[in-house]
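Structure first, commentary second.
Below, chains carry the letters A, B, ... as their sequence lines are ordered, and counting in each starts from 1. Quantities reported herein were computed from a predicted structural model and do not represent experimental measurements.
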4 protein chains.
Amino acid sequence: VVNTETGHDLAAQRADLAAVCRTLYGFGWMPGTSGNVSLRSGGSVVITASGRSKGTMAAGDTVVVDPEKGRPLAGETERPSAETFIHLAVYRQVPECGAVIHAHAPYSTALATLVGAEGVVGTALFSRLELAKGLGVADPSEVAVPVFPNWPDVPRIGEDVAGYLARTADAPPVLLIDRHGVTSWGRSLEEARNRMECVEELSRLALLTGAFGPDVAKESAR
Amino acid sequence: VVNTETGHDLAAQRADLAAVCRTLYGFGWMPGTSGNVSLRSGGSVVITASGRSKGTMAAGDTVVVDPEKGRPLAGETERPSAETFIHLAVYRQVPECGAVIHAHAPYSTALATLVGAEGVVGTALFSRLELAKGLGVADPSEVAVPVFPNWPDVPRIGEDVAGYLARTADAPPVLLIDRHGVTSWGRSLEEARNRMECVEELSRLALLTGAFGPDVAKESAR
Amino acid sequence: VVNTETGHDLAAQRADLAAVCRTLYGFGWMPGTSGNVSLRSGGSVVITASGRSKGTMAAGDTVVVDPEKGRPLAGETERPSAETFIHLAVYRQVPECGAVIHAHAPYSTALATLVGAEGVVGTALFSRLELAKGLGVADPSEVAVPVFPNWPDVPRIGEDVAGYLARTADAPPVLLIDRHGVTSWGRSLEEARNRMECVEELSRLALLTGAFGPDVAKESAR
Amino acid sequence: VVNTETGHDLAAQRADLAAVCRTLYGFGWMPGTSGNVSLRSGGSVVITASGRSKGTMAAGDTVVVDPEKGRPLAGETERPSAETFIHLAVYRQVPECGAVIHAHAPYSTALATLVGAEGVVGTALFSRLELAKGLGVADPSEVAVPVFPNWPDVPRIGEDVAGYLARTADAPPVLLIDRHGVTSWGRSLEEARNRMECVEELSRLALLTGAFGPDVAKESAR
């Protein structure tokens, strides 16, 4: 079904969401029913439905929501992910963003948990790591990835993200959530997935070498 | 073959058990011939046969047993897993339980081994970890997962499990066994598998961040 | 081709060797051209040829050798693995052995390297680990796995192995080689592979929990 | 299309490059759009195009370049990888080299980062590790793998590599780049891939056992 107004083929977008979920599940980054993925579709957002294993996702396990409140559009039968608010915050603040991925990738989540500070937005530093070029930032030689507190109230995380993105001109297209997970985005689903792969590998490298966080980064600024 | 009394399709259940075994073997969580999986089938329990590699399980590698003694029903040709008693303890104490998975997932087993105490039921704490929501407990912000001693006499482990479940109103649907492995359950095989994925990832996160066990949890209670 | 004397189907055995190689390569346990696998075939031994990636092994990448000197039988065109002598030492000392696997599985190799002693046969202890039951030893509660020095001269490793097996009544069906790898065996190829899976997982558990070697084992004998 | 002058089948070479990319992506060694692979094709070099996910590479995602400047030949439509200069340095200095692989394999990259020294070529030592035989060096008992500084200006890395190879008679066919990744080469693509597998596994072993670098190697020279 092509949206005649926007030219988007919604059926293909739903299938794309399901396919990337199956891939990321295969990487082990969406255990249980965790993780969620979305695409911008004209003025709306298509996002994965709540409570599904990502290993067997199909196009029907998605739902189109309005970009302000995250409510399913008329005719949609699925319930959107509880973390829709984080996705919407990114779409609102990043006009060129076309797709958002939220995952529980192990090394990113561990890094978030080690670096996360209580109640404030912390920072994980990727310092002079070549792979940071894959994030598409202006200066990949020193990338400050924000680490958000994991408020039980998900919309509050969305507000933190929106506030951070509004005040941070050169924000990287990835963010961490303390004791929770990692979110990436890009112009396309493939770009968002590429960046997810980069941030997870950068996090693994940080953990393997013990080089992460502001203090360590300063010390290692050789 | 549909059980005319219960409506269960036993052949489909046997095939489902075999399929989830192959999946979990693929994850590396059932090395050698370890691991076993069961389903409630009417008043009986279908469980994987003893001593098979889970990588090549077929529907025929299962056996229907009585839920009290774990003895094969008449007509069954396979020998049930030695750990059937642990499964039966769960089915007896958790009426809504429809499926049980026992695996040797590496991080859960390592966590059990690090946290396990001699001869008594210990505790691994998952403290404010988002993924704990995947366990379906009333309060996911602080989940106390029991760690059972690994008695050489398997029925004694079953008794410990039964006693714990009888006295613990809000027991999570996962348990660890010291120097041994991890067990999860749910209303369906898929729910049990989702929860296994969650407990293994939570255990990995605990190991990567060094945050597990009562003392550590208290210290990190920021 | 069935050996009319022994009833062995040599073509099937060659194909079985190739298949298990591809599986173990898929696990990451045979990097580069490392690893080798053999089967007893009547009075001879079929073993993988030297210098092949195990990811693309075919039945033709095997060679039948005599069990004493490891020389290819007449008509064989491939060169046997340099580590054939280790396989032959096991076949000579363990009459019921039907298959031998040698791999560079990461955790077993790391354990061997951490525990290995200079020039003498060391020991890695698996103490009260449930999965040790998968090794099929008389007393799985305390399994002493030998760690052999990695002599550059491979036949000398074979002599060490033969001597150890000759003097050790209850030797487990797995052995480690310092800075080198791990060898397992069983009555069948499947049993040897199951035991390889067990020793690798036991080694991972030992590394994750820091519990390995004589001293640690004594301390942890609670 | 067979090059009538050299006998190379360029179409097959392009397909081979794409296939090895997909394999190495499957190993997790080419996250995001990182990694690049090349083959010598007569007097030219075929290399992967810039900015593609290696998980979905096709033959068309390659480009033939001149071996001096790395410029696409006439008729080529793709842009070569930014790291082409590192490949060309190897081809120039190693006449028998037929293929080069550059990857962000996690353990090699972590080892490079731990061992790398500021602004000079460092060394990672693989000391008496059996798998080092897979690198095809004259003396595998002690392999000194160079660790190059990761200059933001890629041609400068290429110059360092060229200088090192020119002055090092027995250079191993693998090199590390600090905070960046690992490069391997061989007479064929398969040999380069086998050696990549070896150096990554050797690096994992070094990290798991804590044995790497000049000082540690000296201490552990038992």
Side-chain angles (χ1 to χ4, degrees), chain B residues 25-36 50-57 81-83 86 102-120 122 147-154 157 176-183 200 203-204 206-208 210 212-213, chain C residues 16 19-20 22-24 26-29 101 105-108 125-137 139-143 172-174 184 186-212 216-217 219-222:
Chain B
Y25 175 87
F27 292 167
W29 299 353
M30 293 188 163
T33 63
S34 75
N36 32 80
S50 182
R52 309 286 158 84
S53 169
K54 300 307 177 292
T56 51
M57 289 290 280
S81 160
E83 278 147 340
I86 302 175
H102 172 71
H104 289 234
Y107 299 105
S108 301
T109 306
L111 181 59
T113 305
L114 288 166
V115 166
E118 184 69 4
V120 298
V147 185
F148 292 93
N150 187 35
W151 306 117
D153 178 42
V154 176
I157 305 175
L176 301 174
I177 308 175
D178 187 16
R179 296 168 176 256
H180 182 153
V182 52
T183 297
E200 175 63 358
S203 297
R204 171 149 64 171
L207 288 171
L208 283 175
F212 53 83
Chain C
D16 286 350
V20 81
R22 294 193 303 267
T23 296
L24 296 173
F27 293 167
W29 298 354
I101 297 174
Y107 299 105
S108 301
L125 276 185
F126 295 130
S127 189
R128 301 195 302 141
L129 298 179
E130 180 70 13
L131 193 59
K133 288 183 183 169
L135 299 177
V137 294
D139 177 10
S141 73
E142 193 85 6
V143 180
V174 291
S184 68
R187 287 162 295 186
S188 66
L189 200 47
E190 185 179 9
E191 190 169 80
R193 196 208 61 216
N194 285 341
R195 288 168 174 178
M196 178 62 73
E197 294 176 15
C198 284
V199 69
E200 175 64 357
E201 192 57 39
L202 286 162
S203 297
R204 171 150 63 170
L205 187 55
L207 288 172
L208 283 174
T209 61
F212 53 83
V216 175
E219 275 184 65
S220 71
R222 315 179 285 190

Minimum heavy-atom distance Thr209(C)-Ala110(B), with the two atoms named: CG2-O, 3.7 Å
Look at the side chain of Arg204(C) and the backbone N and O of Tyr107(B), then say whether any donor-acceptor pair between them is shorter than 3.5 Å. no
Set out, in order, the CA-CA distance, both residues' side-chain angles and the distance that settles side-chain contact (heavy atoms from CB on, under 4.5 Å) for Trp29(B) and Glu201(C), then state yes or no. CA-CA 9 Å; Trp29(B) 299 353; Glu201(C) 192 57 39; over 6 Å; no
Of the listed residues (Pro106(B), Ser53(B), Gly55(B)), which shares the most heavy-atom pairs with chain C below a 4.5 Å separation? Pro106(B)
What's the spacing between Leu205(C) CG and Thr113(B) OG1 if we round to 0.5 Å? 4.5 Å
Between Gly32(B) and Cys198(C), what is the shortest heavy-atom contact and its length? CA-SG, 3.8 Å
Relative to chain B, which of Leu131(C), Thr23(C), Leu135(C), Leu202(C) shows the most heavy atom pairs under 4.5 Å? Leu131(C)
Answer yes or no: is there an ion pair linking Glu191(C) with Arg52(B), defined by an N-O contact shorter than 4.0 Å? no
For the atom pair CE (Met30(B)) and CD (Glu197(C)), what is the distance rounded to the nearest 0.5 Å? 12.5 Å
Roughly how far, to the nearest 0.5 Å, is CD1 of Ile177(B) from CD of Glu130(C)? 8.0 Å
Would you mind telling me which of Arg193(C), Lys133(C), Arg195(C) has the largest number of heavy-atom pairs within less than 4.5 Å of chain B? Arg193(C)
Closest non-hydrogen atom pair between Leu208(C) and Leu114(B), with its separation: O-CD1, 4.2 Å
